[in-house]
Each structure stands twice: as C-alpha cells, then as structure tokens.
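To keep things clear, I will list the structure first and then write my remarks on it.
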Amino acid sequence: QVQVVESGGGLVQPGGSLRLLCAASGRTFSSYAMGWFRQAPGKEREFTAYINWNGGATYYTNSVKGRFTISRDNAKNTVYLQMNSLKPEDTAVYYCAAQNTVVVSFDGNDYSYWGQGTQVTVSS
C-alpha cells in the first residue's frame, strides 16, 4: 500500500512557475507508476502527467506539453511536477496518484492511491 501527500501549491501570477511535490510512503513506491491529475472548479478531474516506475517514460496532456515536466526520485519516494509559463486556465486542485499496473493509463479509475490535493491558483 502507498500513501501520497501533495505539497507546493499556491498563488502565482500568469507566466510564473511552481513545483509540486508528491511524497509517498511505502517500500514498494519504486514499483508504481505515478500520475498527476487536476480538477478545476465546476469541471471534471482530468489527466495532466504520467511517469512510469523508473522515470523512463512520461506523458502529458496536450495543454501542458512544453510547460510542465514530471519527474521522480525513487530514493526519496518523491514525484515532482515542475510547472512553468503558468496560465489562468491551469488553476485547479492538483492530485498525485499511484498506479500499480504495468499498463500505461491516463484514466484516474486505474489509480489505486490518491493524495488530498494541493491548490494551484494562477491569477494577477
């Protein structure tokens, strides 16, 4: 079992940057693929970024490609989401989730463990 806790959210101006952290517990963290999802007010949760167990494969939703970077440090049981050139439409609660299958998935239903979320607000 894995527990995850997100941090690093906050208020930032358009064009600014934030780095989100996802700290995970559990000895088997390195065997899990990890995903970042986000949910804006009044909208459904959407996939944002994915990283496989060793960081060798990453995927992004089109709207964040070239601006966001997902990475992980298995020695520290941590996943990161570096967000640059932030836009007001990036405003959302960002969730980290762990997936314990080898199949690449962008569907939140395939993720077993979720954090409580961290708020990101992009506004001037």
Side-chain angles (χ1 to χ4, degrees):
Q1 188 170 353
V2 175
Q3 292 182 325
V4 295
V5 178
E6 304 94 336
S7 63
L11 173 64
V12 62
Q13 293 186 343
S17 298
L18 280 176
R19 188 175 76 156
L20 304 185
L21 284 76
C22 172
S25 64
R27 296 181 178 179
T28 59
F29 168 76
S30 61
S31 66
Y32 287 80
M34 301 295 293
W36 284 97
F37 294 78
R38 64 186 182 183
Q39 186 167 20
K43 295 186 177 181
E44 294 187 352
R45 182 182 63 196
E46 66 170 359
F47 164 77
T48 304
Y50 166 97
I51 189 165
N52 76 332
W53 69 276
N54 66 354
T58 58
Y59 299 93
Y60 302 91
T61 192
N62 286 339
S63 63
V64 308
K65 284 181 181 177
R67 300 188 298 121
F68 290 13
T69 302
I70 188 171
S71 61
R72 68 189 296 163
D73 185 339
N74 286 342
K76 296 182 178 180
N77 279 17
T78 303
V79 176
Y80 306 93
L81 186 67
Q82 178 67 44
M83 306 187 296
N84 298 328
S85 302
L86 282 161
K87 304 175 181 180
E89 50 265 42
D90 294 318
T91 295
V93 177
Y94 283 72
Y95 298 91
C96 176
Q99 180 203 25
N100 62 345
T101 69
V102 297
V103 177
V104 176
S105 174
F106 308 146
D107 184 345
N109 292 319
D110 293 329
Y111 289 72
S112 302
Y113 307 105
W114 291 80
Q116 82 291 346
T118 185
Q119 176 70 48
V120 172
T121 303
V122 185
S123 175
S124 55

Subject >> Hydrophobic cluster membership, Tyr111 vs Leu21, 4.5 Å side-chain cutoff >> reply: no
**OP:** Compare all side-chain heavy atoms of Leu11 with those of Ser123 and state whether any distance is below 4.5 angstrom.
**Re:** yes
Mind listing the closest non-hydrogen atom pair of [X] and [Y] along with its distance?
X      : Y      : value
Asp110 : Ser105 : OD2-OG, 2.6 Å
Gln119 : Ala92  : NE2-O, 3.4 Å
Ser30  : Trp53  : O-CB, 3.2 Å

Could you grab the distance from atom [atom1] of [X] to atom [atom2] of [Y], nearest 0.5 Å is fine?
X     : Y     : atom1 : atom2 : answer
Ser31 : Gln99 : OG    : CD    : 11.0 Å
Asn52 : Arg72 : CG    : CZ    : 7.5 Å
Ser63 : Lys87 : OG    : NZ    : 8.0 Å

Subject >> Step-by-step side chain to side chain contact (heavy atoms under 4.5 Å, CB included) determination, Asn84 to Ser17 >> reply: CA-CA 4 Å; Asn84 298 328; Ser17 298; 2.9 Å; yes
**OP:** Could you walk me through whether Tyr80 and Asp73 pass side chain to side chain contact (heavy atoms under 4.5 Å, CB included), step by step?
**Re:** CA-CA 8 Å; Tyr80 306 93; Asp73 185 339; 4.1 Å; yes
**OP:** Kindly give the cluster partners of Phe29, where membership spreads through any ILVMFWY side chain lying under 4.5 Å from a current member.
**Re:** Val2, Val4, Val12, Leu18, Leu20, Tyr32, Met34, Trp36, Ile51, Tyr60, Val64, Phe68, Ile70, Val79, Leu81, Met83, Leu86, Tyr94, Tyr113, Val120, Val122
Original post:
For the side chain of Glu6 and the backbone of Gly117, is there at least one donor-acceptor N/O pair under 3.5 Å apart?
Top reply: yes
Original post:
Is a side-chain donor or acceptor of Asn74 paired with a backbone partner of Asn77 at a separation under 3.5 angstrom?
Top reply: no
Original post:
Where do Gln3 and Val5 land on the side chain to side chain contact (heavy atoms under 4.5 Å, CB included) test, with the steps shown first?
Top reply: CA-CA 7 Å; Gln3 292 182 325; Val5 178; 5.9 Å; no
**OP:** Fit a plane to each ring of Tyr50 and Phe106, take the angle between them on a 0 to 90° scale, and name the class: parallel (under 30°), tilted (30 to 60°) or perpendicular (over 60°).
**Re:** perpendicular
Original post:
Taking atom CD of Glu44 as the centre, does the number of heavy atoms from other residues, nucleotides or ligands within less than 6.0 Å exceed 12?
Top reply: no
